[in-house]
Chemist: 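Have a look at this one before I ask anything.
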Protein chains: 2
Amino acid sequence: MTPLPSPQQLRYLLALTEHQHFGRAAEACAVTQSTLSAGILALERQLDARLLERDAGKRVVFTALGREIAARARAALRSLEAVAEAAATARAPMSGALRLGVIPTIGPFLLPRLMPALRQSYPRLRLYLREDTTDRLVAQLNDGRLDLLLLALPCASAGADTVKLARDAFFAALPPGHGLAARDTVPAAALQTEHLLLLEDGHCLRDHALEVCGFARGEGPARDPAEPDGFAATSLHTLVQMVAGGLGVTLLPRIAVQAGIAAGTGLVLRPLAGAGGWRTLGLAWRSQSPREGEYRALVPLMAQVAGPHAA
Amino acid sequence: MTPLPSPQQLRYLLALTEHQHFGRAAEACAVTQSTLSAGILALERQLDARLLERDAGKRVVFTALGREIAARARAALRSLEAVAEAAATARAPMSGALRLGVIPTIGPFLLPRLMPALRQSYPRLRLYLREDTTDRLVAQLNDGRLDLLLLALPCASAGADTVKLARDAFFAALPPGHGLAARDTVPAAALQTEHLLLLEDGHCLRDHALEVCGFARGEGPARDPAEPDGFAATSLHTLVQMVAGGLGVTLLPRIAVQAGIAAGTGLVLRPLAGAGGWRTLGLAWRSQSPREGEYRALVPLMAQVAGPHAA
DNA sequence: CGGTTTGATCGGTTGTATCGATGACGCCCC
DNA sequence: GGGGCGTCATCGATACAACCGATCAAACCG
């Protein structure tokens with residue numbers, strides 16, 4: 001049988017894919033350029049495969065096979081890490097680094113309450129945070145750059161396990177004096193004819209809001225022709241300011257409202273009438289992660305923080 | 001971060017799980033006992049985890065953590081192999097060792113025609129064969145001890161991809177002079193009241209046959225009280241002999257019939273009336289195997305061999 | 001209670017990963 | 001167009017770790 005590639009050489013290869021430069025990749029691996037160069041050469045010799053275009057001047061250009069090998073190398077190194085991780089978790093659960101990814105429509109509202117609670121319950125847990133859109137978080141989860149995601153379900157990703165945390169109801173956010181503000185609750189369909197303001201594309205909350213208002217996938221509300229084409233807010237905070245400025249109405253998740261996102265703006269917040277006006281908050285992790293037990297053990301605490309609270 | 005365990009040490013651990021004996025595990029790894037012993041110790045030290053019960057005399061007893069680590073080590077080594085495999089496949093597709101698992105109700109009938117065809121089309125492919133029941137084959141596929149399975153679908157296994165090859169119709173096999181033998185086709189339901197002979201438990205063909213005859217899962221045909229309790233044949237060849245001996249009737253798959261399993265026995269073979277009287281033959285492999293491309297390329301040839309032929 | 005088996009330990013040897021220095025080559029700039 | 005720079009490959013020296021053979025301590029067996 002072909003001898004197995006050494007983890008070290010695979011690390012060199014991955015560093016090279018990341019930096020596209022022998023010197024900097026070597027630096028990232030804390031070895032000299034000569035060592036990394038020899039390592040890559042040895043890997044190509046052992047696999048009997050050309051991973052780099054050697055004739056393309058001095059630039060680092062991967063062959064198609066090189067890219068595939070690199071992807072498999074990433075998976076192989078991660079599964080080696082999983083061995084060590086399983087031991088570490090068994091030795092000292094709820095400790096060490098935990099790289100948590102959060103979407104921008106959850107992070108600013110839950111983390112301020114979640115982090116202290118976690119620190120108190122699991123003081124040895126070191127939480128590294130990263131905020132990004134769902135699709136990018138999922139990609140980083142699969143790459144092994146993140147361990148756990150806090151996001152809105154469902155998130156389409158093979159190879160990931162998920163668990164529900166809580167429902168997060170939507171509120172209609174209206175400018176003061178708006179016609180709908182006189183009602184106790186607002187039917188979601190009524191927003192279809194309003195000027196509905198949304199987050200920019202890529203935020204799952206945008207899709208959830210459109211869905212709740214009865215728009216089909218991809219379809220959207222009518223736009224004022226005078227408005228900048230495709231203009232959309234980049235955060236819920238900007239969105240609130242736009243509604244307060246009278247540009248239209250929007251939907252806000254309960255966690256944002258309870259965190260006081262509309263405080264001081266005079267905005268009128270009304271629950272949606274009828275059922276179905278909510279998103280599901282949840283956790284996601286790589287299937288068969290050695291730390292699955294820990295992640296599931298976090299659920300009650302997280303569900304409590306994410307659940308309804310008195311204002 | 002914790003340093004990654006070396007593949008060598010993981011191999012030692014797996015050899016130890018297999019042999020439960022330091023000396024023999026060392027021999028299997030082609031190292032001395034002292035080396036393997038030191039390697040295991042080093043692994044336990046690096047992971048800071050007790051993998052073996054050190055106080056249980058001289059016997060080798062794994063801790064629960066030890067077993068989990070071993071399972072993850074198996075996965076890690078396999079993903080390292082996948083790196084080398086990807087390179088080997090790209091360098092020389094359809095060559096090298098291919099460990100093929102086949103179920104006993106397919107192997108004896110298809111392999112005699114499949115092997116020569118494969119040898120002719122892909123002379124550099126070295127096929128290692130293993131015959132076993134579906135569940136055991138699937139387990140060995142997941143363990144990495146087999147690369148490809150030829151079996152009857154569906155086979156329940158997460159982490160495996162499958163593809164259909166061909167339908168394999170069932171024939172009623174009747175002793176000469178049997179009442180049903182006068183008909184051109186036999187309704188499957190008519191076999192419910194016959195003395196239906198079956199393979200022993202564990203063969204998927206047994207379940208398929210029961211299903212075709214209209215028995216619910218787990219339910220079975222009425223038994224002669226004089227018959228040895230739960231007696232069942234161990235191969236289709238024995239089954240044919242039993243039918244020829246007048247002990248009852250059975251169902252035979254078309255591939256067995258065409259291979260001449262009933263030749264010279266005087267058995268009467270009748271197609272089943274109506275639709276649904278067939279099983280699906282297919283291939284299965286580990287998801288994301290580097291050789292998936294090769295496996296799919298084998299499908300046309302295999303489907304042709306597995307498909308209907310003139311008698 | 002001696003002999004045998006089994007896993008742990010120790011000193012010596014070999015292999016190899018790594019380093020620093022140097023070479024080969026393309027590229028840019030003056 | 002030639003000198004200088006940047007980049008990757010190569011080379012000899014070295015330090016570390018894996019490995020072996022021998023030996024030890026404990027358990028097990030007859």
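We name chains A, B, ... by the order of the sequence lines, and we start the count at 1 in each one.
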Chemist: Could you state the CG-P distance from B:Leu51 to C:dA8, rounded to the nearest angstrom?
Modeler: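 About 12 Å, once rounded to whole Å.
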
Chemist: Can you tell me the distance, in whole Å, between the CZ atom of A:Phe22 and the P atom of D:dC8?
Modeler: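 Taking CZ of A:Phe22 and P of D:dC8, I get 6 Å after rounding.
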
Chemist: Keeping the roles fixed (side chain from A:Arg286, backbone from A:Leu146), state whether a donor-acceptor pair exists under 3.5 Å.
Modeler: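 Here the side-chain-to-backbone pair exists.
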
Chemist: Considering residues at least two apart in sequence or located in another chain, which fulfil the side-chain hydrogen bond (donor to acceptor under 3.5 Å, both in side chains) criterion with B:His21?
Modeler: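 So B:His21 forms a side-chain hydrogen bond (donor to acceptor under 3.5 Å, both in side chains) with B:Arg24.
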
Chemist: Through what angle, rounded to 10 degrees, does the axis of the helix from C:dC1-D:dG30 to C:dC30-D:dG1 turn between its ends, using five pairs per end?
Modeler: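 The angle, to the nearest 10 degrees, is 20°.
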
Chemist: Using whole Å, what does the distance between atom P of nucleotide D:dT7 and atom CG of A:Leu52 come to?
Modeler: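 Checked: the CG to P distance equals 16 Å.
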
Chemist: How far does CD of B:Glu292 sit from CG of B:Leu283, to the nearest 0.5 angstrom?
Modeler: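 Output value for this atom pair is 11.5 Å.
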
Chemist: Can you tell me the distance, in whole Å, between the CG atom of A:Leu41 and the C1' atom of C:dT18?
Modeler: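 Computing the A:Leu41:CG to C:dT18:C1' distance gives 15 Å.
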
Chemist: Check every atom of C:dG7, C:dT6, D:dT7 against the side chain of B:Val60 and return the nucleotide holding the closest atom.
Modeler: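 Between C:dG7, C:dT6, D:dT7, the one nearest the side chain of B:Val60 would be C:dG7.
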
Chemist: Counting distance only, does the side-chain N/O of B:Ser37 pair as donor-acceptor with the main-chain N or O of B:Ser34 below 3.5 Å?
Modeler: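 Side chain of B:Ser37 to backbone of B:Ser34, a donor-acceptor pair under 3.5 Å: no, none is there.
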
Chemist: Without decimals, in angstroms, what is the distance between A:Arg45 CZ and D:dA9 P?
Modeler: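 Distance check: A:Arg45 CZ to D:dA9 P gives 13 Å.
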
Chemist: Please name all residues satisfying ring-ring contact (aromatic ring centres under 6.0 Å, His included) with B:His237, sequence neighbours left out, ordered by chain then number.
Modeler: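 Per chain and number, B:His237 pairs via ring-ring contact (aromatic ring centres under 6.0 Å, His included) with B:Phe109.
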
Chemist: Give every donor-acceptor pair under 3.5 Å between a side-chain atom in residues 93-101 of chain A and any protein atom, sequence neighbours left out.
Modeler:
{"residue": "A:Ser95", "atom": "OG", "partner": "A:Ala92", "partner atom": "O", "Å": "2.7"}
{"residue": "A:Arg99", "atom": "NE", "partner": "A:Asp147", "partner atom": "OD2", "Å": "3.1"}
{"residue": "A:Arg99", "atom": "NH1", "partner": "A:Gly144", "partner atom": "O", "Å": "3.3"}
{"residue": "A:Arg99", "atom": "NH2", "partner": "A:Gly144", "partner atom": "O", "Å": "3.2"}
{"residue": "A:Arg99", "atom": "NH2", "partner": "A:Asp147", "partner atom": "OD1", "Å": "2.8"}

Chemist: Treat primed atoms plus P, OP1 and OP2 as sugar-phosphate and everything else as base, then score nucleotides 13-21 of chain D 5' to 3': B for base contact with protein heavy atoms under 4.0 Å, S for sugar-phosphate contact only, - for none.
Modeler: ------SBB

Chemist: Taking side-chain hydrogen bond (donor to acceptor under 3.5 Å, both in side chains) as the definition, give me every residue that meets it alongside B:Arg136, ordered by chain and number, with sequence neighbours left out.
Modeler: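 Scan of B:Arg136 (side-chain hydrogen bond (donor to acceptor under 3.5 Å, both in side chains), adjacent residues dropped) gives B:Asp132.
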
Chemist: Taking everything shown except B:Gln288 itself, do over 12 heavy atoms lie less than 6.0 Å from its CD?
Modeler: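 No - once you tally the heavy atoms of other residues, nucleotides and ligands closer than 6.0 Å, there are 12 at most.
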
Chemist: When rounded to the nearest 0.5 angstrom, what distance separates CG in A:Leu4 from CG in A:Leu47?
Modeler: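 Nearest 0.5 Å value for the CG-CG distance: 10.0 Å.
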
Chemist: Whole angstrom is fine here: how far is it from CG in A:Leu13 over to P in D:dC8?
Modeler: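 One finds 14 Å between P of D:dC8 and CG of A:Leu13, rounded.
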
Chemist: Between atom CD in A:Glu27 and atom P in C:dT18, what is the gap in whole Å?
Modeler: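 Taking atom P of C:dT18 as the reference, CD of A:Glu27 is at 17 Å.
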
Chemist: Using whole Å, report how far NE2 of A:His19 lies from P of D:dT7.
Modeler: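 Atom-to-atom, A:His19 to D:dT7, this comes out as 14 Å.
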
